[in-house]
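To start, I am sharing the structure in question, which I have written as C-alpha cells.
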Amino acid sequence: MKILPQKTQTNQSMTSGCITIGLVFIFLLLGPLLTPINHTSQNLSASLQPPSSSHWMGTDYYGRDVLARLVFGGRITWIIAIASTFMAVNIGTIIGLFSAYQGGWIDLIVMRLVDVMLAFPKLFVVLLIVGLGASSTSLLIWVLALFSWMEIARIVRSEVMSQKNRTYIKSVRALGLRTPRIVFIHILPNVLGPVIVSSVLLISTIILVESSLSFLGLGVQAPSASWGSILNDGRIDPLGTWWLSVPAGLLILTTVIGFNLIGNGLHKQLDLKKIV
Amino acid sequence: MILLAVKNLAVQIPQQDKTIHLLKDISFTLKRGETLAIIGESGCGKSTLCLSILGLLPQHFQTAGNLTFYKNGVEIQLQDQTDPHFNNIRGSIVSMVFQDTLGSFNPLFRCGQQIIDVLKEHVSGSPIQNKQRAIQLIQQVGLNDAEDVFNKYPHQLSGGMSQRVALALALASNPDLLIADEPASSLDSMAKNQYLDMLRELKDKTNLALILVLHDLNDALRFSDSMFVMYNGRGFEYRKKSDIQKTPAHPYTRALIDIQNSLNQTRLPQQIPGEVPSITKLIPGCPFHPRCSKRSDICRTTFPPPTFFLNNHFVCCHHYFKSN
C-alpha cells in the first residue's frame, strides 16, 4: 500500500509577512524605550549629526532625534493607513452590498460612479484636495478613505452577486427572513474572505500614497513626522545624510512588503479562487 | 377549509423577439391538511410554480393571475411577485424545502443556529426557549442525536440528515403549507419511503398542507390526496388521487400510469413516443398532441378548455368525453 505524503499546511508568505509586520509593530510600540528624547525637541547645535551613542540614528537638520522621529512618524503612518483602510472597507462594503442586493438601476448608477472614481488618478486628486485644504491628519485619513473604497465595493458587489443566487439565500427568503437580516447576517459573512485580503493589501497601498504625499510636503506637517516626511528631510543629500533617508525608506519598504505578504498568505489560507 | 387558491396563474419571460411562457393557466385549490402532488417531466414548470407561490421568481419574470391565501378567516390576495404581502406570507403561512437541501444551508453557520435564526424572525422566545425549540424540531424530523446535529455544520451532514434538517428548518416558522420540491430525490428508495412516511405523520399531527413536487408517480400515488399533472407549463389534469389511479382522464396521465403499472409488474417499461418539448418552443394547440395516441385535427390548433368536476378538479382534453 502506498502511503500518501501528508499535505503540509505551511503558509510561508503568511509566516514571513506576520514576522515582518510583527517586528515593525514591536519597534513602533517599544520605540520610546530606546530613546527618551522627544521627537520634536530641537537642538540646532547638534544639526545633522551622524549616528552616535547619544543619538542612535543621528539627528536631522534641526537637531531632532531621528530614531524618535522614526518611531513617532511610523505610528502616524500606521494610524493613517489603518484608519483610512478601515473607513474605506466600511464604505466599500456597505455600498457594494447595497448595490448588488438591490440590483437594477440603483446598481447601474452606483457602479458607474465607481468607474468614474476609479478613472481619477488617485494620487493627483488626493494631492489637489490636500493641497487646497488645510492639511491635517484627519483630513488626510478622510481623503485617502474616500478615494480607496471603490475596489472593495467592486469585490463585495461581485461576491454578493454570486451569493445572492445561491440556494441558501433563496431558502432563507422562503423562510420569511427580512432583507436586512439576509444581507447582514447571511450574505455579509460569506463575502468577507476576499474583503479581508484586499483590505490588508489596501493598507500597503495607502501607506505608499501617504508617504508620497508627506514626501511632497502635503501630508503630515512639521513639526509632526511621518516616514514620508523624514525621507524628504534626507532628500537634499541622500548619500551624505543617509541616516535620514535610508532607515525611513527601509521601514516603508518592509511594512509594504510585510502587509503584501500577509495579504497573499490570507489569500492562500482562505482558499480564494479569485481576487480582483 | 381552503388554505390556498391559485387561479389562472401564468408566468412568462418577455424577451426581445418573443415571450417564453413558463406557466399557463394554472389553477388549483388546497385545503388544510391536504397533500397535493405535482407531477410532470423535467422542465415542465414544477419548480417555477413552487417559487411563484412564494413570490421568489427572478425580477424579470412576469406573472398574471391570482394567488389567494386564507388564514384565520382573513383573505390575502397576491397579484404579482413584488407584492409586499409576500413578506407576511413567506415563513408564517408557507415555507419550502428545496431540492438541493445541502445547498439550502448557509455554509458558515451551525445547523442549529440557522434554525434559531428563523425562530427569531417568527417566534418570540428567549434564547434558551429557542434552543429547546430547535432541538425539538430536529427530534421531530426523526433525528435522535438532536443535540449533536444542532452543533454540526452543514458540510458535516449526510445526504439523509441534510434532508431532514432542511425540513426542520422549514418547519421552524410553523407554516400552514409546506412546499417540498422533490423532497427525497437524492435518497435511496428505503430512505425515501421513511422520509415520506415521516412527512405524512407530521402532516397528520399538525394539519399541515403539503405540496409535493415529485418525479416518481408511485410516490405520488402513495402519499398524496390529489394530483396535479403538468406538461409544458400547463395543467393537464387535476383530480383526486384515487380517481386518477382508477380512471386517468387525460391520455398523458393514462400513459404515465401505464408505464408505472408495467414497471410494477416488472415488465419492460413502455414509453411515451416522442420527446418532451422544450418550454421555450411554442406548440400550437395541445402541447401533448405530437405524442398523443388519440390526437385529432382539433388538437393541433386549439388547446382544450378544461372540463370541470367537483372541487374545481378538471381535465384538459378534447377527447375526454369521447373516450368515456
Side-chain angles (χ1 to χ4, degrees), chain A residues 7 9 93 96-111 155-197 266-267 269-274, chain B residues 47 50-60 81-82 84-109 111 113-123 154 162 165-175 177-181:
Chain A
K7 197 184 164 199
Q9 287 285 324
T93 306
L97 267 178
F98 174 73
S99 172
Y101 198 78
Q102 286 298 317
W105 60 271
I106 293 178
D107 183 43
L108 199 76
I109 291 173
V110 172
M111 282 303 120
I155 293 166
V156 171
R157 176 181 175 270
S158 73
E159 286 291 310
V160 174
M161 285 295 208
S162 81
Q163 293 290 331
K164 81 170 187 180
N165 291 322
R166 300 262 297 266
T167 315
Y168 77 91
I169 293 302
K170 256 189 216 157
S171 165
V172 288
R173 286 182 66 198
L175 295 170
L177 266 60
R178 309 278 155 155
T179 305
R181 202 184 190 91
I182 295 174
V183 171
F184 289 106
I185 295 184
H186 287 276
I187 295 184
L188 184 59
N190 277 295
V191 305
L192 276 185
V195 172
I196 290 169
V197 173
L266 279 170
H267 187 189
Q269 198 79 33
L270 297 170
D271 197 21
L272 302 171
K273 297 285 180 291
K274 52 180 190 286
Chain B
S47 298
C50 295
L51 290 178
S52 63
I53 294 173
L54 285 156
L56 288 180
L57 289 176
Q59 284 171 345
H60 62 284
Q81 293 288 299
T82 51
H85 286 307
F86 269 117
N87 287 331
N88 307 325
I89 279 165
R90 286 192 285 256
S92 54
I93 297 185
V94 49
S95 73
M96 179 161 172
V97 179
F98 286 82
Q99 193 173 359
D100 173 18
T101 45
L102 205 54
S104 60
F105 296 105
N106 189 331
L108 293 182
F109 298 118
C111 299
Q113 191 52 48
Q114 301 192 38
I115 297 177
I116 287 179
D117 209 31
V118 177
L119 289 173
K120 272 188 202 160
E121 188 77 45
H122 293 284
V123 191
S162 76
V165 180
L167 180 62
L169 191 65
L171 292 174
S173 56
N174 205 9
L177 165 62
L178 179 74
I179 302 175
D181 191 354

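All chains are named by letter (A, B, ...) in the order of the sequence lines, taking the proteins before the strands, and each is independently numbered beginning at 1. All values reported here derive from a predicted model rather than from experimental measurement. Note that these values count all heavy atoms, side chains included, but never hydrogens, waters or copies made by symmetry.
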| query | CG of B:Asn87 to CG of A:Leu177: how many Å apart, nearest 0.5 Å? | reply |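 Atom-to-atom, B:Asn87:CG and A:Leu177:CG are 11.0 Å apart.
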| By a 4.5 Å heavy-atom criterion (distance strictly below it), what part of B:Phe105 contacts chain A: side chain, backbone, both, or neither? |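 Backbone only.
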| note | Here the pair of heavy atoms bringing A:Ala174 nearest to B:Arg90 is O-CB, 3.8 Å
| chain B contact via A:Ile169 - which portion, at a heavy-atom distance below 4.5 Å |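 Contact with chain B is absent: no heavy atom of A:Ile169 under 4.5 Å.
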| query | Just how far is it from atom CG of A:Leu192 to atom CG of B:Leu108, taken to the nearest 0.5 Å? | reply |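 CG of B:Leu108 is found 9.0 Å from CG of A:Leu192.
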| request: Would you mind reporting whether A:Pro189 and B:Phe109 have side-chain heavy atoms less than 4.5 Å apart? | output: yes
| query | With a 4.5 Å heavy-atom cut-off, do B:Asp117 and A:Arg181 have their side chains touching? | reply |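 When only atoms from C-beta onward are counted, A:Arg181 and B:Asp117 do touch, with a gap below 4.5 Å.
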| message | Taking side-chain hydrogen bond (donor to acceptor under 3.5 Å, both in side chains) as the criterion, tell me which of A:His186, A:Arg166, A:Gln163 meets it with B:Asn106. | response | A:His186
| field | Heavy-atom contact with chain A under 4.5 Å, split by part of B:Val97 | value |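 Answer is neither: B:Val97 stays 4.5 Å or more from chain A.
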| said: Is B:His60 close to chain A through its backbone or its side chain, or both, or neither, when contacts mean heavy atoms under 4.5 Å? | reply: neither
| query | Could you give the distance from CD (A:Gln102) to CD (B:Gln59), rounded to the nearest 0.5 Å? | reply |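 If I round to the nearest 0.5 Å, the distance is 8.5 Å.
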| query | Between A:Thr167 (side chain) and B:Ser104 (backbone), is there a donor-acceptor pair under 3.5 Å? | reply | no
| Distance-minimising heavy-atom pair for B:Ser173 and A:Leu175 | CB-O, 4.5 Å
| field | Heavy-atom proximity to chain A below 4.5 Å, by part of B:Leu169 | value |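 Both parts, backbone and side chain.
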